[in-house]
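The structure appears right after this line, and notes come after that.
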Amino acid sequence: ERLAMVLFQIPDIRLFWTRDERFLSQFREGEITKFEPYSKHPPCYKDITFWVPEGFEENNFMEMVRGIAGDWAESVVLIDKFEHKKKGRTS
């Protein structure tokens, strides 16, 4: 294990006992690759919904999230769009 730590640049021996796919997927038999660190916390997916004003650009919202959350937000994705026909509003 110590030799593998040096060879793959793995900083913590406890990672060898993890079942976390983010660790396990980095290595393939017969290949030597440098370990890429990942967050100690598991991914957390949040779904939010809100009414948007006319002329709303989704890219502006994504930039705002990234500007506030920094590296904590790995991705911002528009999943769905809803238009309320009677009220003429979009969510």
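Excluded from the calculations below are hydrogen atoms, water molecules and symmetry mates; all remaining heavy atoms, backbone and side chain alike, are included.
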- [ ] Check whether V6 and I32 end up in the same hydrophobic cluster, where Ile, Leu, Val, Met, Phe, Trp and Tyr are linked by side-chain heavy atoms less than 4.5 Å apart.
- [x] no

- [ ] Kindly say whether S25 contributes a backbone atom to a donor-acceptor pair with the side chain of R28 at under 3.5 angstrom?
- [x] yes

Open item on the list: Tell me which one of W17, F35, Y38 satisfies ring pair (Phe, Tyr, Trp, His ring centres under 6.0 Å) with F23.
Closed with: F35

- [ ] Measure across L78 and D80 and return the closest heavy-atom pair with its distance rounded to 0.1 Å.
- [x] CD1-O, 3.3 Å

Open item on the list: Tell me whether F82 shares a hydrophobic cluster with I48, the cluster being built from Ile, Leu, Val, Met, Phe, Trp, Tyr side chains joined at under 4.5 Å.
Closed with: no

When the side chains of residues 51-62 are checked against the rest of the protein, which donor-acceptor pairs come out under 3.5 Å, sequence neighbours left out?
from : atom 1 : to  : atom 2 : distance (Å)
N59  : ND2    : E63 : OE2    : 3.1

Open item on the list: Any non-hydrogen side-chain atom of I10 less than 4.5 Å from a side-chain atom of F27?
Closed with: yes

Open item on the list: Keeping T49 on the side-chain end and S91 on the backbone end, is there a donor-acceptor pair under 3.5 Å?
Closed with: no

Task: Minimal non-hydrogen separation, K34 against Q26, with atom names - done: O-OE1, 4.2 Å

Open item on the list: If we ignore hydrogens and angles and just use 3.5 Å, is the side chain of E1 paired with the main-chain N or O of I13 as donor and acceptor?
Closed with: no

Open item on the list: Quick check on the hydrophobic clustering: are I68 and V77 connected, directly or via other members, by side-chain heavy-atom contacts under 4.5 Å?
Closed with: no

- [ ] Find out if a path of hydrophobic residues (ILVMFWY) with successive side-chain heavy-atom gaps under 4.5 Å connects F8 to L24.
- [x] yes

